[in-house]
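Below is one structure, written out as structure tokens; comments come after it.
Atom set for the values below is all heavy atoms of this structure, side chains included, hydrogens, waters and symmetry mates excluded.
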Amino acid sequence: MLFFSYFKELVGKEVTVELKNDLAITGVLHSVDQYLNIKLENIKVVDEIKYPHMMSVKNCFIRGSVVRYVQLPVDGVDVEILHDATRREARGN
Amino acid sequence: MSWAAPDSFHTTSLADNLDKKLLVILRDGRKLVGTLRSFDQFANLVLEKAVERIIVGDLYCDLPLGLYIIRGENVVLVGELDQTKKDLPAHMVLVSAAEIKRAQKAEKDATELKGTMRKRMEFLDLD
């Protein structure tokens with residue numbers, strides 16, 4: 001549940017999601033669920049020329065299972081907190 | 001069923017997309033456009049008046065499919081199509097099914113040719 005909680009903290013921030021089919025989309029994180037499915041708003045496809053069919057898509061739902069990377073804003077990670085949370089989770093509480 | 005609950009707060013539920021015209025990208029690269037009538041927690045989808053949108057270069061075509069149930073594991077992305085805008089850039093040309101099939105085949109043949117050429121040249125140890 002750690003990463004679910006972590007992604008919930010990132011709601012409202014701009015992230016870039018890279019999918020396993022190499023499609024990379026930048027957008028504002030609208031929501032995330034337990035499967036790490038992601039909804040993005042106001043999206044922009046990184047390689048727009050290659051994906052003309054995405055032109056009129058503004059908001060989208062991405063299935064968690066097809067995500068390769070999520071690129072976070074620079075201020076998105078508080079390593080200290082994440083570190084602590086990881087230890088706490090490993091200890092089982 | 002909570003996963004189908006309307007979006008009062010931020011959830012990833014597809015409930016807001018019900019009855020809307022959507023673009024669904026599948027794992028094999030196919031693109032389907034249709035009206036979302038139902039879904040579940042696996043992202044299994046029911047699309048009404050589904051069409052497959054085939055794009056080859058600047059040519060495109062919508063092949064009618066009918067009512068489709070898509071198994072969730074094949075879904076990559078579900079995009080809301082902005083109804084106020086055209087789906088595709090203005091320079092793209094709508095062609096017939098026969099024509100897009102021809103273009104698709106030509107593209108496939110070209111890729112294959114490139115592949116065989118590369119294979120044959122491998123002994124040269126390029127790069």
Side-chain angles (χ1 to χ4, degrees), chain A residues 1 3-71, chain B residues 2-3 7-17 20-33 36 39-45 51-60 62 70-93:
Chain A
M1 290 306 259
F3 282 89
F4 173 41
S5 318
Y6 177 62
F7 274 115
K8 276 199 288 192
E9 296 297 310
L10 287 172
V11 165
K13 297 228 168 73
E14 184 163 282
V15 296
T16 301
V17 181
E18 184 182 322
L19 309 185
K20 288 181 189 169
N21 63 5
D22 292 335
L23 176 61
I25 306 170
T26 306
V28 176
L29 189 65
H30 167 274
S31 55
V32 61
D33 66 14
Q34 52 182 338
Y35 306 108
L36 304 188
N37 294 329
I38 287 172
K39 263 189 169 180
L40 293 180
E41 282 182 328
N42 240 322
I43 64 160
K44 203 163 169 56
V45 174
V46 174
D47 189 356
E48 278 177 312
I49 308 293
K50 202 173 153 199
Y51 304 98
H53 53 280
M54 294 293 290
M55 189 192 77
S56 65
V57 178
K58 281 274 125 328
N59 307 323
C60 72
F61 165 93
I62 300 166
R63 199 170 191 266
S65 63
V66 301
V67 173
R68 185 185 289 140
Y69 303 123
V70 180
Q71 299 170 24
Chain B
S2 59
W3 50 264
D7 233 11
S8 51
F9 187 62
H10 287 188
T11 71
T12 41
S13 164
L14 285 163
D16 325 352
N17 300 96
K20 299 235 169 69
K21 193 177 157 201
L22 301 177
L23 168 78
V24 180
I25 301 183
L26 303 180
R27 267 194 319 181
D28 64 359
R30 273 187 252 210
K31 298 166 273 295
L32 305 184
V33 176
L36 184 69
F39 67 91
D40 67 8
Q41 71 271 43
F42 305 112
N44 293 319
L45 307 174
V51 298
E52 180 180 350
R53 180 157 291 163
I54 303 177
I55 299 177
V56 181
D58 282 346
L59 308 179
Y60 76 96
D62 285 345
I70 306 166
R71 188 173 158 89
E73 62 179 332
N74 299 296
V75 172
V76 168
L77 176 145
V78 179
E80 268 174 59
L81 285 173
D82 188 346
Q83 294 298 318
T84 61
K85 274 171 64 177
K86 272 195 64 173
D87 284 359
L88 292 166
H91 68 268
M92 296 194 62
V93 188

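If you measure heavy-atom distances from A/D33 to chain B, the contacts under 4.5 Å come from both the backbone and the side chain. Using a 4.5 Å cut-off between heavy atoms, B/N17 contacts chain A through its side chain alone, with no backbone atom that close. Contact annotation for B/I55: only side-chain heavy atoms (C-beta onward) come within less than 4.5 Å of a heavy atom of chain A. Residue contact with chain B, scored on non-hydrogen atoms closer than 4.5 Å, is absent for A/L40. Only the side chain of A/V11 comes within contact range of chain B, with heavy atoms under 4.5 Å apart. In this structure, the portion of B/I25 lying under 4.5 Å from any heavy atom of chain A is its side chain and not its backbone. For A/I62, the parts lying under 4.5 angstrom from a heavy atom of chain B are both the backbone and the side chain. Only the side chain of A/V66 has a heavy atom closer than 4.5 Å to any heavy atom of chain B. Residue A/I43 does not touch chain B at all, counting heavy-atom pairs closer than 4.5 Å.
With sequence neighbours left out, B/K85 forms a side chain to side chain contact (heavy atoms under 4.5 Å, CB included) with A/S56, A/K58, B/D82. Looking at residues two or more places apart in sequence or on another chain, you find a side chain to side chain contact (heavy atoms under 4.5 Å, CB included) between B/F42 and A/R63, B/D40, B/N44. Shown here are the side-chain hydrogen bond (donor to acceptor under 3.5 Å, both in side chains) partners of A/E18, two or more places apart in sequence or in another chain: A/R68.
Using a 4.5 Å heavy-atom threshold, the side chains of A/H53 and B/L88 count as touching. You'll find the side chain of B/Q41 reaches within 4.5 Å of the side chain of A/Y35, heavy atoms only.
Within residues 71-78 of chain B, the residues having any heavy atom closer than 4.5 Å to a heavy atom of chain A are B/G72, B/E73, B/V75, B/V76, B/L77, B/V78, listed by residue number.
Rounding to the nearest 0.5 Å gives a distance of 8.0 Å between CG of B/L45 and CZ of A/F61. Here the CG-CG distance, from A/N59 to B/D16, works out to 9.5 Å after rounding to the nearest 0.5 Å.
Between A/C60 and B/G79, the shortest heavy-atom distance links the atoms CB-CA, 3.9 Å. In terms of heavy atoms, A/H30 sits closest to B/T11 at CE1-O, 3.7 Å.
Within a 6.0 Å radius of OH in A/Y69, other residues, nucleotides and ligands contribute 12 heavy atoms or fewer.
Checking side-chain atoms of A/K39 against main-chain N and O of B/L14 turns up no donor-acceptor pair under 3.5 Å.
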